[in-house]
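Reading through the C-alpha cells given below for one structure.
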Amino acid sequence: MSSRPARVPSTSRFLNPYVVFFGVVAGVLILAVTIALLIHFLAFDKKSYFYSSSFQIPNVQYSDHLNSPATQEYRTLSGRIESVITTTFKESNLRNQFIRAHVVKLRPNSSGVMAEIVMKFKFSRNNNAASMKSRIESVLLQIPNKFENLEINPSTEITSLTDQDTVEMFNQECGAHPNLITLSEERVMGGIKAEEGDWPWQVSLQLNNVHFCGGILISKTWILTAAHCFRSHSDPHQWTATFGISIAFPAQRKRINTILIHNNYNFVTHENDIAVVKLDGAVPFTKNIHRVCLPEATQNVSPGSTAYVTGWGSQSFGGNTVRELQQGRVYIISNNVCNAPTSYNGAVLPGMLCAGVPQGGVDACRGDSGGPLVQQDSRRLWFLVGIVSWGQECGLADKPGVYTRVTAYRDWITQQTGI
Ligand code: 4AZ
C-alpha cells in the first residue's frame with residue numbers, strides 16, 4: 001500500500017494563494033513587457049527615409065566645369081549646397097531627424113544651375129509619413145534666399161525614394177561606396193579583407209577563367225587596366241571580367257570585346273603601362289558594382305596623402321593569388337623622393353606615381369597589376385589616382401609600389417573611350 005498522504009482536492013489547489021500570487025505576477029510581467037515593446041517599436045525604433053528634391057541655383061552660370069564631380073567648381077558648389085541644407089535642418093525642429101544631404105547631380109537650367117539632392121531622415125514609425133514630409137518641406141522653405149552669396153531656391157516638393165530609387169540616383173554618379181549611397185556613417189577601415197561593396201569598381205580580369213590582373217570599372221562598358229597584362233595574351237576572346245569581391249563566386253561575369261593597349265607602352269621602362277578594355281555588353285550597375293570617378297588631368301595628388309590599393313594579388317613576393325579581395329592603406333610618395341638613389345634611382349618617370357608605407361609591408365604584388373589605387377575626396381567620393389604597374393618585389397622598405405599616374409593619361413582615356 002502507498003504511504004503517500006491522501007490527495008489534496010483539486011479545488012483547494014486551484015485556490016492556493018501562492019499559485020494565484022505567481023499567476024498574477026507573471027501576468028503583470030507579460031503585460032509590462034508587451035507594452036514596453038510596443039512603446040519601443042512605436043516611439044523609439046527609428047527607420048530611415050530618403051527624399052529627393054531639386055534646388056535651383058540662379059546666380060551660378062552653368063559651365064562644362066560643372067559636368068564632372070572631379071572639378072573644383074563642382075566640389076565647391078555641391079559642398080556649399082550640402083552645407084546650407086545641413087545648417088538649416090540642424091537649426092530647425094527636425095534637427096534630430098535630419099541625417100545628411102548629398103548633391104547627386106548638377107544640371108544646366110534655364111536660369112542657372114539645377115542641383116539634384118538626396119536627403120536622409122530618421123524618424124520613429126509612429127510618425128505619420130505624410131506629416132513628416134510636409135514638415136520637411138516647410139523647413140526647406142526656411143532656407144535663406146541668399147547664404148554666403150549663394151542664392152538657392154529650394155523646390156517645395158520632395159519625393160520619397162525607395163532603396164532602389166536611391167541606388168539608381170547614386171549610380172548616375174561615380175565613386176560612391178554603398179555607405180554613401182545610404183547616406184550612412186563613414187566606413188571604418190580596419191583589417192585587410194574587403195567587405196562586399198567596399199570597392200565597387202574593382203574588376204578581376206581573367207585569362208581562360210583564371211584571375212590574371214586587376215581592372216577598374218570606369219563606365220558600364222569600359223575597364224581601365226595595365227598594358228603589361230596583355231604582353232603575352234592579347235586576344236580578347238581568351239579574357240573575361242568578373243565583378244564582386246569573390247573570384248570563386250563572382251557577382252557578375254562579362255566577356256571582353258576589345259583590348260586597346262597604349263601605342264607607346266614600353267615593357268623595359270614600364271612607360272605608358274595603360275590599356276582600356278571594352279566589355280561585350282554593359283554591366284548592370286548595382287549598389288556594389290559601379291564606376292570609380294576619374295580625376296581631371298590637372299588634379300594634384302599630394303605626397304603624404306592616404307590612398308588605398310586593392311586586389312587579389314599575392315600576399316608575398318612569389319606567393320599565389322588569393323580568393324577574397326584585399327585592401328591596403330598606403331601613402332603617396334613624391335617622384336623626387338621615389339627616385340632617390342636608395343629607392344628607384346631615377347626609374348620613376350613623370351607618368352608614374354609611387355605609393356607605399358615607409359617601413360614597407362603594405363604594397364601591391366603579382367596579380368594586383370592593372371588594379372586601382374584610389375583616394376577619397378572631401379565629399380566622400382572615390383577617385384582613381386593610379387593603376388598598379390610595377391615595383392621591386394613587394395613590400396620592401398624604400399621600394400614602394402609604382403603606379404601608372406592616371407592624371408597623366410586622362411586625355412588618352414578620353415581619346416580611347418570618349419569618357
Ligand atoms: C607584378 O609582378 C608586380 N610591389 C606588381 C606590383 C608590384 C610588384 C610586382 C609592386 O605584377
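Order of listing sets the numbers, starting from 1, for every ligand and every atom in it. Throughout, numbering of the chain's residues begins at 1 and tracks the sequence.
- Taking the six-membered ring wherever Trp is involved, the centroid distance between the rings of Trp199 and Tyr308 falls below 6.0 Å.
- With ligand atoms numbered from 1 in the order given, ligand 1 contributes 4 (N), 10 (C) to contacts under 4.0 Å with heavy atoms of Asp363.
- Two rings, from Phe243 and Trp201, have their centers 6.0 Å or more apart.
- Considering only non-hydrogen protein atoms, atom 11 (O) of ligand 1 sits nearest to Ser369 OG, 2.7 Å.
- When heavy-atom distances to ligand 1 are checked against a 4.0 Å cut-off, Glu393 comes that close only through its backbone atoms N, CA, C and O.
- Of all atoms in ligand 1, numbered sequentially from 1 with element shown, those under 4.0 Å from a heavy atom of Cys394 are 4 (N).
- Geometrically, Arg107 does not engage Tyr74 in a cation-pi contact defined by less than 6.0 Å to the ring centre and at most 45° from the axis.
- For the pair Lys90 and Phe98, the cation-pi criterion (under 6.0 Å, within 45° of the ring axis) is not fulfilled.
- When the options Val388, Asp368, Val309 are ranked by their closest heavy atom to atom 6 (C) of ligand 1, first place goes to Val388.
- For atom 10 (C) of ligand 1, the closest non-hydrogen atom on the protein side is Ala364 O, 3.3 Å.
- Proximity of the aromatic rings of Phe121 and Phe50 is defined here by a centroid distance below 6.0 angstrom, and this criterion is not met.
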